[in-house]
Amino acid sequence: GQADGTRRRDHRRLRRNREGEGRGASLGGRVRRGLSGGDRLAGRREDLREETLSVEFAPWERVRREAAEKGIPMVEHEIALVAEGVLPLRLERFAPTVGAEGVKRLMAARVGVFGCGAIGGAAAEVLARCGVARFSLLDRDRFEETNLNRQIGALVDTLGRSKVDALAERLAVVNPAASVIRHEVRFDEGNAGRFFRDIDVAVDAFDNFRARRLLHETALEKGVFLVSAQVAGFCGMVGVVCDGRDPFEPLWRGVDRGAESVAGISAAAAMAAGVFAAQLVLNRLLRAETHERVLFFDLETFDFRWLRT
């Protein structure tokens with residue numbers, strides 16, 4: 001009886017090991033397919049790569065000089081050049097990912113960033129490096145020394161400066177075609193609507209619930225696609241507000257202040273939230289995608305999960 005029990009345990013252990021190997025192989029296959037884009041996307045990416053091999057790439061000094069000679073904004077000249085098969089040299093490594101048409105869509109997009117600190121700064125820089133050039137930035141604060149631990153625009157040299165001005169200057173040296181509308185004002189019920197007049201997509205990077213709730217309500221009212229991100233400690237949430245639905249609203253019921261006031265904010269979580277928010281903006285601009293779920297992440301445990309609300 002004891003021998004039979006031992007054999008049964010050995011068989012169970014062997015079966016678990018084989019199942020684990022199978023799961024590992026399956027996971028390895030999924031990772032490899034993800035990195036290569038999968039069979040379906042691999043062909044599409046090869047087409048995009050071939051497409052960009054046939055175009056010319058122009059350095060930014062040339063584009064700026066030609067735009068000045070024509071008396072037009074640099075971004076407008078870049079869009080015209082894309083139509084002629086000439087892409088910015090700075091996007092040479094990114095163009096095969098989205099193709100010439102994708103580059104043109106990103107250049108033409110108008111993105112509003114509400115809150116220019118940790119999350120907003122990271123999201124704006126990612127978008128600028130991907131070719132987005134038309135920004136509307138809103139934040140009334142100035143950089144303080146306590147911002148140095150997490151905010152991409154906070155440097156010793158920028159302490160005391162307007163966050164909007166510092167971020168606008170940073171975007172300009174990342175993407176020389178950047179055209180930025182600056183709003184160094186308080187976001188409130190009296191002016192909320194006017195900031196949505198000239199944007200296609202918005203990023204909610206506010207750090208207080210009053211402004212965040214008002215922003216969500218206004219975006220839904222104006223029908224503007226809004227990506228919202230928030231962090232606390234090593235954790236964060238990122239999701240989309242659109243099509244008359246706010247998936248964050250059930251999560252905020254009975255809450256009057258953010259968890260960051262207790263847990264603090266890590267640079268890693270803030271940067272990650274900004275990157276994820278930027279990618280959701282890119283997905284919308286390139287493929288008109290929407291997400292009805294909220295991504296929760298915990299970088300301390302590397303736990304990532306989708307929340308349905």
Side-chain angles (χ1 to χ4, degrees), residues 34 109-124 126-127 130 132 136 138-139 187-189 192-193 195-196 199-263 265-266 268-309:
R110 302 169 302 173
V111 178
V113 179
F114 293 81
C116 298
I119 297 173
V126 169
L127 292 171
C130 290
V132 173
S136 175
L138 186 147
D139 199 311
F187 183 78
D188 57 34
E189 290 83 355
F195 301 117
F196 285 81
I199 60 174
D200 305 307
V201 180
V203 176
D204 165 26
F206 279 147
D207 59 2
N208 72 81
F209 268 45
R210 183 204 61 79
R212 191 183 295 275
R213 283 191 169 104
L214 177 60
L215 179 59
H216 286 213
E217 292 170 1
T218 308
L220 289 173
E221 177 187 336
K222 300 295 182 181
V224 173
F225 185 89
L226 174 69
V227 176
S228 181
Q230 52 194 283
V231 294
F234 288 109
C235 301
M237 294 191 297
V238 184
V240 167
V241 177
C242 68
D243 299 330
R245 185 174 183 274
D246 184 352
F248 290 93
E249 195 278 330
L251 302 174
W252 292 346
R253 288 173 188 161
V255 177
D256 58 3
R257 65 173 181 167
E260 69 273 11
S261 61
V262 176
I265 305 174
S266 75
M271 296 289 183
V275 169
F276 293 153
Q279 186 60 52
L280 287 176
V281 171
L282 293 175
N283 291 353
R284 176 66 172 186
L285 296 175
L286 293 170
R287 297 189 295 275
E289 284 190 3
T290 61
H291 294 261
E292 296 183 353
R293 298 172 293 175
V294 174
L295 173 66
F296 167 83
F297 64 88
D298 182 342
L299 297 183
E300 192 170 16
T301 61
F302 259 65
D303 180 21
F304 294 78
R305 65 183 69 180
W306 287 103
L307 307 177
R308 291 192 178 276
T309 61

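The figures that follow rest on heavy atoms only: side chains count, while hydrogens, waters and symmetry mates do not. As the structure is a prediction and not an experimental result, all values here were calculated from the model. We're numbering straight along the sequence, starting at 1.
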Trainee: Between Phe276 and Phe297, does the ring centre distance come in under 6.0 Å?
Mentor: yes
Trainee: Taking all non-hydrogen atoms of both residues into account, name the closest pair between Cys130 and Leu282 and its distance.
Mentor: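 Heavy atoms of Cys130 and Leu282 come nearest at SG-CD1, 3.9 Å.
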Trainee: Does the side-chain contact (heavy atoms from CB on, under 4.5 Å) test come out yes or no for Ile199 and Val111, once each step is laid out?
Mentor: CA-CA 5 Å; Ile199 60 174; Val111 178; over 6 Å; no
Trainee: Could you tell me whether Phe196 and Phe114 have their ring centroids closer than 6.0 angstrom?
Mentor: yes
Trainee: Could you check if a side-chain atom of Leu220 sits within less than 4.5 angstrom of a side-chain atom of Asp246, using non-hydrogen atoms only?
Mentor: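 Yes. Closest side-chain heavy atoms under 4.5 Å.
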Trainee: For residues Val294 and Met237, report the shortest heavy-atom separation together with the two atoms involved.
Mentor: CG1-CB, 3.8 Å
Trainee: Going from CD1 on Ile265 to CD1 on Ile119, what distance comes out if it is rounded to the nearest 0.5 angstrom?
Mentor: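 Spacing of CD1 (Ile265) from CD1 (Ile119) equals 7.0 Å.
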Trainee: Decide yes or no on side-chain contact (heavy atoms from CB on, under 4.5 Å) for Val281 and Leu127, but give the supporting numbers first.
Mentor: CA-CA 8 Å; Val281 171; Leu127 292 171; 3.9 Å; yes
Trainee: Can you check whether Gly239's main-chain N or O pairs, donor with acceptor, with Ser228's side chain at less than 3.5 Å?
Mentor: no
Trainee: If you round to the nearest 0.5 Å, how far is CG of Asp204 from CG of Leu226?
Mentor: 5.5 Å
Trainee: Residues in side chain to side chain donor-acceptor pair (under 3.5 Å) with Asp200, at least two apart?
Mentor: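 In terms of side chain to side chain donor-acceptor pair (under 3.5 Å), with neighbours along the sequence ignored, Asp200 is linked to Arg110.
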Trainee: Quick one: does Phe248's side chain get under 4.5 Å of Gln230's, heavy atoms only?
Mentor: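 Of all side-chain heavy-atom pairs linking Gln230 with Phe248, at least one is under 4.5 Å.
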Trainee: Taking ring pair (Phe, Tyr, Trp, His ring centres under 6.0 Å) as the test, write out the residues that go with Phe225, two or more places apart.
Mentor: none
Trainee: Taking the side chain as everything from C-beta on, heavy atoms only, tell me whether Leu285 gets closer than 4.5 Å to Val201.
Mentor: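 With C-beta onward as the side chain, the pair touches.
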Trainee: Looking at every heavy atom in both Val203 and Ala123, which two are closest together, and how far apart are they?
Mentor: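 Heavy-atom minimum between the residues: CG1-CB, 4.4 Å.
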Trainee: For the rings on Phe206 and Phe187, is their centre-to-centre separation under 6.0 Å?
Mentor: yes
Trainee: If I compare all heavy atoms of Ala205 with all of Gly115, which pair ends up nearest, and what's the gap?
Mentor: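 That would be CB-O, 3.5 Å.
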Trainee: Give the minimum heavy-atom separation between Ala229 and Val238, together with the two atoms involved.
Mentor: CB-CG2, 4.0 Å
Trainee: Would you compute the distance between atom CZ of Arg284 and atom SG of Cys242 and round it to the nearest 0.5 angstrom?
Mentor: 6.0 Å
Trainee: If you measure from CG on Asn208 to CZ on Arg210, what distance do you get to the nearest 0.5 Å?
Mentor: 5.5 Å
Trainee: Would you say that Gln279 contacts Val275 through its side chain, given a criterion of any heavy-atom pair below 4.5 Å between the two side chains?
Mentor: no
Trainee: Testing the basics here: between Leu214 and Glu189, what is the closest heavy-atom pair and its distance to 0.1 Å?
Mentor: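 Minimum heavy-atom contact is CD2-N, 3.5 Å.
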